[in-house]
Each structure stands twice: as structure tokens, then as C-alpha cells.
Amino acid sequence: MTLPSNLSAAAVSRRWRLRLGAVLLLVLLCWVAYVRGLDSLGLMDKTEALFVEVARGMADSGDWITPRWNGQTFFDYPVWGYWMVALSFRLFGPFEWAARVPPALAASLTVLALFALLLRLAPTGEPEGQAVGRAFLAAAVLARSTGWVGWGRSSVTDMFLASAISLSLFSFLLAHLSRAQTLERRLGHAGMALFAGIAVLAKGPIGLLLPGLVIVIYLLLRGRLLDTVRQTPWLPMIALFLGVAVPWYALATKANGFEFLEHFLGFSNLERFTSVIYDHPGPPWFYLPWVLILLLPWSLFLPVAVARILPRGRAGWASWRQRPPEPSDLPLFSLVWLVVVVLFFSAAATKLPGYILPAIPGGALLVGLFFRPFRPAAGDGAPIDGAGVRLTGWVNALVLALLAGAAAVAPRLAGGDPSHPGFAAAVAASGLPVTMALAFGVPALVLATLLLRRGGRDPGRLWWPNAAAMLAVLALVVPGVGRLVDRERQLPVRDLARLAGQQARGDEPLLVVGYMRYSVVYYSGRPAIFVSSPEGARRGLRERSGPQASTVLLLGSDAELSDFGLSPADGTTLSRQGSHRLVRLPASRLMEGKDQG
């Protein structure tokens, strides 16, 4: 945002105080959302524990090229996330919170970048309070979106990919909407290439393909594709992109040969898209409910936000395509961003909720600009539909009330897991269900009051109850939930895994029975075999290299060990933690398939 030259010193000081205050509030919000309480929860099974163990192996071994897990090379993901976590381990030590700092920083950087972009694109002469308010609101919507919070607190590759794609698209907008060949345009072009390269290092070719699709489709709708192609400095951008993305791929291919290319490009990319792997199928509409969930509570406003931005009739589209790029294009760009990412992953055979995390910033920007829009050009969009806003507001209030009700009955919902029979009672005793019910229930009442008094005529006020609900949950509930889950569900397995690492005799195999608790590899410091039946255990032991051990260690819950065929009297119980046991068993009995009696 350009400051007029005739401003007094007092006015300039006030503007910068507003901006600094907004930035500090966003930093505080990000700390509450992504950093506070990171040390309250051990590594979660399965994916986070696997991802962090690969990074720890890199930090310990000094091999920054070849990812390894559980004694084998692991080429499911590229290396950027591993590097970030391994560097954090080198700086702070191998702690759980240190593993989660890099994704928390990536999530926070994206929030602050969105604020800076919107502030920079604010129209010249617009009141500073309005410009800062719009930028702050959109950034706060992203910061308090359910999916961005969840993955911002978890050390997996999804946040590294989503943040890099988002920063690449923000850079495009900076270059595209700058009014002249300025420093911003050059920085925008450099950012596009730099962050696309990082995205490719984070997840593979998808890191270039997704932002490319979003940009091309938007420019086609806008009628600006050829002009933009002619004005883009391709050679330096390509050089920067290749300089960031290619060296590791070349070194990994040199170190591992065809095995790397076959597994990473063939299995982890092509096969993941064309066939179901790791038993993660889903129908074509799989991501529709997940868009609503990951963008809660803001996703409820997506329909009215979309209706607001679409040009009216053919004349509206024609007028919109003819005018030069301007900040009021941002809502449609955000819609393209959201739709392209969701449709792309809907076409893939393998489906997981985290795959559409790159769409969340687009949806957050779309909703944020609905609450605080740029001044539209003549003929743009439809007038705000008061009835639609009122209906959305009442649905929003109902959803908050339902969440409050679900929180109140959470102890009943938490029961039924035989591996953790005391968990429901611990949830009830913690007081967290009541706190969470109030965190959602009070904002529901406030929102209903606003709707009754104002009738939804001012949608800019309807975001406050949602913001208050999310902030209350983040500040009062999330840290307590982390400590509760860790104490009741994670700690017993963690203690037994550490004991297994201490008690194992040489190359004595460690078998994890039932659920694939990948955290056992991290906390025991040794490879593990994951089994669900004696037949699978025998197969896993036969496939081990080296001489056969005389005994094996088995770790699992009482229910899982019973299903496996072990009674409480079988073998030697080295330790019991709650309903979980660590058992030493003669390998001959297991290999011969005899009854464990």
C-alpha cells in the first residue's frame, strides 16, 4: 500500500502503529494456534511418528540425501520437510516440540504473508483502518481455520507443501496486480519460482503442477494468459526454480539409482494418483465434506461468498474480462484456487483429508474478502443477499450449538476402545467437555442475538462469534486435550517402547501387535515389525536378515495380544503400562505356530 506524500508525521506514525499492532496480534494468534502446548503431546501415530523418525535419522547420520525409516530407504516423500525437522533437531535437540516447530513456522509465515499481500494491494487513498482491518481479518480467518490449525501443529509433509504453494500463489498475485514494472513485480516473479521449487522439494511434481493450474485457469477466465506469458521473465524464473528443486533429485538419483526413480515417481506419484494405495480409497465427492470441516467455522459462508463475486450476466463477464487486473479480482482468484485443488485431488484414486490442505488459504481468502471486500468495479458481482446471509448466520449459530452439544457428551463418545478402557472416564474428569461446550455455546448465543437484532444486514459483524469460539478453543481446550491424550493414550506405549530399546538383547526382534504404532520405532531407537497375526509375525521374522534370534519382544494392548493368540500367562511380561504390555516370548514357539500355553 503506497502512502500519500502529503501525510503529516503524526498520520504516518499512526499508520505504522496500526500496522505494527496488527502484526503483533497476528503473531500472538499464531503462537496460540500453532506453538502453545506443542510439548504436551508425544508423537502421534502413524504418519507424524514416521515422518519425524526419518528426519531424526538424517540429523543423526549426517546423510541429507537418502531418507531412511525402520532400517530401509524411504522414498514416499521428497526431502524438504525432513530437512526442516532435522535442522530443528540440530538446533534444539530431538524433542517432540522441536519436530513441530518447522510446520508451525510455515503455517505462521503463510498467515503473515497473506496479511502483507492484502495490505500492499489496498487501493491508494483508502483509510488505513479499513485496509489494515481487511488484511487482518483475512489472515485471522486462515489462522483460525480448523485444518490450518491441525496441520500447523503436526510434523508431517502436508503443511510444508500447502504453505509453499500458497506463498507461490501470493507471489503471483503480487507480480500480477502490481501496476508497473516495479520491485514488487520482480519480487513476485522470484517468489513464484522459489516457492514452487520448495513445494516440489516438499511433495514432488504436484508442487509445480497445482499452482500452475490455478494461475493458468484464472488467466484464461480473465483473458490475460497471452499477455502474462509475454510479460513474464521466464529465463531467470526457470533458472531459480531448477536451482532450488533439481539438485536434491539429482543427488538422490545418483546415490540410489533406479530404486529412487521407480519408487518416488512411479509409486508415490503416478500410482498414488491412478490407484488406491495404503488402503485409502474414496468416492469422487470425498472432499466435499472435508472442505467444510477443514475450513470450519468459516466454510459455512462459502456459498454466499461465491454468489457475491460472480459477475452478473454476459455483460458483467465481458466487462470484467476487459478491464485491467485489480485487487477486486482476488475473490475470483481465490475461488479458482479452492476449486482447482479440490477437483484435482478428487480425480485421484488415493484420498486423504490432508491432500486438500493447499486449498484452505484460497477458501480463507475468499471468506475474508466476503466480510471485508475491496471496492468492486461497476457491474461486478451481485448485491449482498440479506436473506442468504441471514440463513447462513442461523446455520452458523446452529453448527456452533451442535458442536457445544457434542462437546458436552464427549465422554460418552470417547468410550468403546478396548485398548484404552479408562479414556472416557478421564475425559469426563478433566472438565474439558464443559469448557469446550461453553467455548462454542456462548458464541452461538451471541451470533443468534446479532441476527435477531440486526437481521444479518451487516455481514461484516458475523465473523466475531466464530473468531471468539476458535480463540477460546485454542487457548483453553487444545493444550488440555493434548496433555489428556498423551497421558491416557500415548504415554503407556512411549514408556514401553523406550523400555524395549533398553531391554532388547542384541538383534532381538521387536514386534508391534495390532495398530501400527510407528512411534515405537522412534522411542525404542530400533527397527520394529508390525504384525496383526501369528502368520504375519512368522513371515516378518523369516524376511529379516541375519541369524534368527532365540526370543522376540511383543508390544501391544491386552485386547490386541489376546487377538494375536497370547494369554496373560504366555511369555514373560517385562512391563505393563495400563492396558498395554511388553512381553518376551521364545521365537521357536512363534515360528513353529504352536499354541502359546
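This structure is a prediction, so every number in the text was calculated from the model and none was measured.
Using a distance-only test at 3.5 Å, with no hydrogens or angles considered, a donor-acceptor pair links the side chain of Lys351 to the main chain of Ala348. One N or O on the side chain of Ser166 and one on the backbone of Ala162 form a donor-acceptor pair closer than 3.5 Å. The closest donor-acceptor contact from the side chain of Trp148 to the backbone of Leu357 lies at 3.5 Å or more, if one exists at all. Judged by distance alone, the side chain of Ser40 and the main-chain N or O of Gly482 form no donor-acceptor pair under 3.5 Å.
Within the 4.5 Å cutoff, the side chain of Met237 has no heavy atoms near those of the Leu240 side chain. Contact check for Leu105 versus Leu109: no side-chain heavy atoms found under the 4.5 Å cut-off. The shortest side-chain heavy-atom distance between Leu432 and Val427 does not fall under the 4.5 Å cut-off. Contact of the Leu330 side chain with the Leu118 side chain is registered, since non-hydrogen atoms from C-beta on lie closer than 4.5 Å. Contact check for Leu447 versus Trp394: no side-chain heavy atoms found under the 4.5 Å cut-off. With a 4.5 Å cut-off on side-chain heavy atoms, Phe241 and Pro236 do not count as touching. Using a 4.5 Å heavy-atom threshold, the side chains of Phe170 and Leu167 count as touching. Counting heavy atoms from C-beta on, the side chains of Pro479 and Arg36 come closer than 4.5 Å.
Distance CG/Leu302 to CG/Leu335: 9.0 Å, rounded to 0.5 Å. In this structure, CG in Asp329 is found 6.0 Å from NE2 in His176, a value given to the nearest 0.5 Å. Separating the CG atom in Leu210 from the CH2 atom in Trp337 is a distance of 11.0 Å, to the nearest 0.5 Å. The distance from the OG atom of Ser178 to the CG atom of Leu183 is 9.0 Å, given to the nearest 0.5 Å. Going from atom OG of Ser168 over to atom CD1 of Ile198 covers 9.5 Å, rounded to the nearest 0.5 Å. To the nearest 0.5 Å, the span separating CG on Leu474 from CG on Leu29 amounts to 7.5 Å.
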Quiz prompt | side-chain contact (heavy atoms from CB on, under 4.5 Å) evaluation trace for Leu462 with Phe301 | solution = CA-CA 10 Å; Leu462 298 184; Phe301 289 89; 4.1 Å; yes
Quiz item: What's the verdict on side-chain contact (heavy atoms from CB on, under 4.5 Å) for Phe136 and Val23, showing C-alpha distance, side-chain angles and the deciding distance?
Solution: CA-CA 8 Å; Phe136 179 86; Val23 169; over 6 Å; no
Self-check item: Pair Ile206-Phe345, side-chain contact (heavy atoms from CB on, under 4.5 Å): steps then yes or no
Solution: CA-CA 10 Å; Ile206 195 72; Phe345 286 111; 4.1 Å; yes
Quiz item: Would His189 and Trp234 satisfy side-chain contact (heavy atoms from CB on, under 4.5 Å), going step by step from the backbone distance to the final call?
Solution: CA-CA 9 Å; His189 288 132; Trp234 289 107; over 6 Å; no
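Across Leu365 and Ala138, no two heavy atoms sit closer than the pair CD1-CB, 4.5 Å. Scanning both residues, Gly207 and Ile165, for their nearest heavy atoms gives O-CG1, 4.2 Å. The two atoms that bring Ala202 and Thr157 nearest to each other are O-OG1, 2.9 Å, heavy atoms only. Listed here is the closest heavy atom pair of Leu451 and Gly393: CD1-C, 3.3 Å. The two residues Ile309 and Pro331 come nearest to each other via the heavy atoms CG2-CB, 3.3 Å. The heavy-atom pair separating Ala401 from Ala444 by the smallest distance is N-CB, 3.8 Å.
Ion pairing of Glu128 with Arg14 is absent here, as no side-chain N (NZ or NE/NH1/NH2) approaches a carboxylate O to less than 4.0 Å.
A 6.0 Å sphere centred on CG of Leu235 holds no more than 12 heavy atoms belonging to other residues, nucleotides or ligands.
In this structure, Tyr287 has no side-chain hydrogen bond (donor to acceptor under 3.5 Å, both in side chains) partners at least two apart in sequence or on a different chain. Here Arg153 pairs with nothing under the salt bridge (Lys or Arg N to Asp or Glu O under 4.0 Å) rule; sequence neighbours left out. Applying the side-chain hydrogen bond (donor to acceptor under 3.5 Å, both in side chains) criterion to Arg134, with sequence neighbours excluded, gives Glu126. Applying the salt bridge (Lys or Arg N to Asp or Glu O under 4.0 Å) test to Arg100 and every residue at least two apart in sequence or in another chain returns Glu48. Under the ring pair (Phe, Tyr, Trp, His ring centres under 6.0 Å) criterion, Phe440 pairs with no residue at all, not counting sequence neighbours.
Aromatic rings from Phe172 and Phe333 are positioned such that their centres are separated by under 6.0 Å. In this structure, Phe195 has its ring center no closer than 6.0 Å to that of Trp80.
A side-chain contact (heavy atoms from CB on, under 4.5 Å) with Met192 holds for exactly one of Leu169, Ile215, Leu173, Leu174; it is Ile215.
Between Trp290 and Phe286, the ring planes are tilted. Angles from 30° to 60° get that label.
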Identify all side-chain donor-acceptor contacts of residues 139-147 below 3.5 Å with residues at least two apart in sequence or on another chain.
residue, atom, partner, partner atom, Å
Arg144, NH1, Ala467, O, 3.3
Ser145, OG, Val141, O, 2.7
Thr146, OG1, Leu296, O, 2.9

